[in-house]
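All remarks here apply to the structure that follows.
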There are 2 protein chains.
Amino acid sequence: MRHLCVPEGLTAEETGKLEDVISATRAVRRGDALFRAGDAFESLYAIRSGSIKTVVSREGGREQVTGLHLGGDALGLDGIGENRHMCTAIALEDSSVCIVPYSSFERMCRESGSIQRRLHQMMSREIVRETNQLTTLGSLRADERVARLLLDLSARFTRRGYAAAEFTLRMTREEIGSYLGITLETVSRTLSRFQARGLIDAHGKLIRIRDFAGLRAI
Amino acid sequence: MRHLCVPEGLTAEETGKLEDVISATRAVRRGDALFRAGDAFESLYAIRSGSIKTVVSREGGREQVTGLHLGGDALGLDGIGENRHMCTAIALEDSSVCIVPYSSFERMCRESGSIQRRLHQMMSREIVRETNQLTTLGSLRADERVARLLLDLSARFTRRGYAAAEFTLRMTREEIGSYLGITLETVSRTLSRFQARGLIDAHGKLIRIRDFAGLRAI
DNA sequence: CGCGGATTTGAATCTATTCAATAAGAGTGG
DNA sequence: CCACTCTTATTGAATAGATTCAAATCCGCG
């Protein structure tokens, strides 16, 4: 199922319809953009494999990472409102996405209540995800932010069938800092401190969580 | 139109259908909750009059303001994903909302493409609004955050037909700080500094913007 | 008019940033 | 495959910005 980007809970017929709508897939190489802020909005995307960051450019050429999307996540929901994308999506590693033309998808939503419900759930969850990120940026100290990111990633990898305790950060320290609203130096220092306290093993981008309870307690 | 919470761009027939769905209105007194995190999700809401904050409770009883909603704004989109509300909505002043039962609304979306599109746009714009707030919390200094809030409120009041330069903050300094990820003292100090520089007139909650360009330049 | 919450302001403290220098890796071409 | 280079990461020291704690004032409301 996963490789078709099809969510569970649909009838065979609905699944068939969805497959018709998912017209194609696209490979995105590490560093390449799936879409850019300002691009005309045509399609939604679902990540088949790999990982993709979304960034918003702020005046002065500075960019902020606003989202971190893994396999199975939807991408492009921000474009519906104004018919053009409001952020830029860049692959953190060689990735592959399903392309879901929005007009066909919209039509399908009218035909199938389950599919409509799926879309609404996807969008609602995206809203909740961002609300959570708002609380991270709005009220946590740097070490709490980093701990929360590690635990979040661990949970998301687990749900995808990967190891809970060991994973590769696909982002640089700078991108992590941008996502967490802190500087790259603070990210680095915090990871070092976590390592010194025996909470994690960090070898560059490879992270192993040694003490989940300890991380949660921060 | 506004008092029926009906968005523009619909045919008369569609407007009629919408009016059928909007079953009732509800008055919410200042300080009262429209819904609370954990409540079963039944309805969406549109603000008829007044203003409402959304807050998320963090462990330790601390609350963070994650949204600030004015007349015409939708509320409750966060509940769709898990069938229960994920945040608490509290009136900042005596307010009135339209109640839109979600099940009927969902059905209507299947019958009318325009209405469906409206809902999708609403949700997408909510995502973009939160993305913007993420960039505020993630990369701006305290004075930039306050300036951005004032300009944002000014723009939103303007769109609603009120004066651009003068408005009443319905939130306390503490709520503003929570929304902006800074302390109430910093909010107060920043407003004082803006006043000293001739950018605004602030008398408690009443704000008059004297120098838009100056605020934007911060 | 008086009370209690809200706001303002000051001073000390602390966290995170900035600047800087070094080290470690990743990628490239010989 | 190795040397070279450029990017990324780590760490230190000084600084800046925001927080915390505290006290005084303001204001709305009963």
Side-chain angles (χ1 to χ4, degrees), chain A residues 29-32 53 58 60 62-65 90-94 136-150 168-197 200-208 218, chain B residues 29-31 53 58 60 62-65 90 92-94 136-150 168-197 199-207 218:
Chain A
R29 289 250 287 286
R30 177 188 145 94
D32 285 352
K53 67 173 176 178
R58 310 220 336 88
R62 300 176 65 81
E63 284 189 343
Q64 163 146 6
V65 177
I90 292 178
L92 291 167
E93 60 189 310
D94 291 354
T136 298
L137 298 192
S139 65
L140 299 189
R141 289 196 322 273
D143 52 353
E144 297 173 314
R145 298 184 196 191
V146 174
R148 192 187 263 206
L149 173 65
L150 296 181
T168 304
L169 290 173
R170 297 297 177 173
M171 297 195 286
T172 64
R173 300 291 189 259
E174 182 168 26
E175 289 168 321
I176 295 169
S178 171
Y179 182 56
L180 296 178
I182 55 184
T183 58
L184 70 97
E185 293 94 332
T186 300
V187 173
S188 180
R189 271 187 256 270
T190 303
L191 289 174
S192 298
R193 224 174 308 126
F194 284 178
Q195 171 131 11
R197 291 171 53 184
I200 64 172
D201 275 343
H203 293 86
K205 295 195 161 57
L206 183 67
I207 302 282
R208 194 157 76 84
I218 280 177
Chain B
R29 291 248 286 286
R30 178 187 144 94
K53 68 173 176 178
R58 311 222 335 89
R62 301 177 65 82
E63 284 189 342
Q64 163 147 5
V65 177
I90 293 178
L92 292 167
E93 59 189 310
D94 291 354
T136 298
L137 298 192
S139 65
L140 299 189
R141 289 197 320 273
D143 52 354
E144 297 173 316
R145 298 185 196 192
V146 175
R148 192 187 264 207
L149 173 65
L150 296 181
T168 304
L169 291 172
R170 298 297 177 172
M171 298 194 286
T172 64
R173 300 290 189 259
E174 182 168 26
E175 290 168 321
I176 295 169
S178 171
Y179 182 56
L180 296 178
I182 55 184
T183 58
L184 69 97
E185 292 94 333
T186 300
V187 173
S188 178
R189 271 186 256 271
T190 303
L191 289 174
S192 299
R193 224 174 308 126
F194 284 178
Q195 171 132 11
R197 291 171 53 183
L199 298 172
I200 64 171
D201 275 343
H203 293 88
K205 294 194 162 59
L206 183 67
I207 302 282
I218 280 176

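This structure is a prediction, so every number in the text was calculated from the model and none was measured.
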**Rounded interatomic separation in angstrom, taking CG from L140(B) and P from dG17(D)** = 14 Å

**Message:** Using a 4.0 Å cut-off to any heavy atom of chain A, which nucleotides of DNA chain C are the first and last in contact, reading 5' to 3'?
**Reply:** dA16(C) to dC19(C)

**Prompt:** Once you round it to whole Å, what is the distance between P of dA9(D) and CZ of R170(A)?
**Reply:** 13 Å

**Message:** Just the rounded figure in Å: distance from P of dT8(D) to CG of L92(A).
**Reply:** 13 Å

**Prompt:** Please give, in whole Å, the distance from dT25(D) P to E185(B) CD?
**Reply:** 18 Å

**Item:** Nucleotide dT20(D), atom C1' - distance to CZ of R141(A) in whole Å
**Value:** 14 Å

**Request:** Could you tell me whether S192(B) contacts a base, only the sugar-phosphate backbone, or nothing, with contacts defined as non-hydrogen atoms closer than 4.0 Å?
**Result:** sugar-phosphate

**Prompt:** Could you state the CG-P distance from L180(B) to dA18(D), rounded to the nearest angstrom?
**Reply:** 12 Å

**Complete:** dist D201(B):CG -> Q195(B):CD (nearest 0.5 Å) comes out at 5.5 Å

**Message:** With no hydrogens and no angle check, just 3.5 Å: does a side-chain donor-acceptor pair link R148(B) and T136(B)?
**Reply:** yes

**Fill in**
Of the candidates dT20(D), dA18(D), dT10(D), the side chain of L184(A) sits closest to dT10(D)

**Prompt:** So how far is it from E175(A) CD to L184(A) CG, rounded to the nearest 0.5 Å?
**Reply:** 11.0 Å

**Prompt:** Counting any heavy atom closer than 4.0 Å, what does T172(A) reach on the DNA or RNA strands: base, sugar-phosphate only, or nothing?
**Reply:** sugar-phosphate

**Upstream residue (5' side of DNA chain D) when A142(B) and G204(A) are each assigned their closest nucleotide** = G204(A)

**Asked** With respect to V146(B), which candidate in I182(B), I200(B), I176(B) satisfies the side-chain contact (heavy atoms from CB on, under 4.5 Å) definition?
**Response** I182(B)

**Item:** Side chain of R173(A) - closest among dT10(D), dT8(D), dA18(D)
**Value:** dT10(D)

**Message:** How many whole angstroms separate atom CE of M171(A) from atom P of dT8(D)?
**Reply:** 14 Å

**Asked** If you check the R189(A) side chain, which of dT19(D), dT11(D), dA9(D) turns out closest?
**Response** dT11(D)

**Message:** Pairing donors with acceptors under 3.5 angstrom, does anything connect the side chains of S139(A) and R62(B)?
**Reply:** no

**Request:** Take the protein atom CG of L137(B) and the nucleotide atom C1' of dG17(D), then report the distance between them rounded to whole Å.
**Result:** 16 Å

**Asked** Would you say T186(B) reaches dT19(D)'s phosphate, i.e. side-chain N/O to OP1/OP2 under 4.0 Å?
**Response** yes

**Request:** Any chance you could measure K53(B), atom NZ, to T172(B), atom OG1, to the nearest 0.5 Å?
**Result:** 7.0 Å

**Prompt:** Of H203(A) and V187(B), whose closest DNA chain D nucleotide lies nearer the 5' terminus?
**Reply:** H203(A)

**Expected output: side-chain R145(B) to main-chain L140(B) donor-acceptor under 3.5 Å** = yes

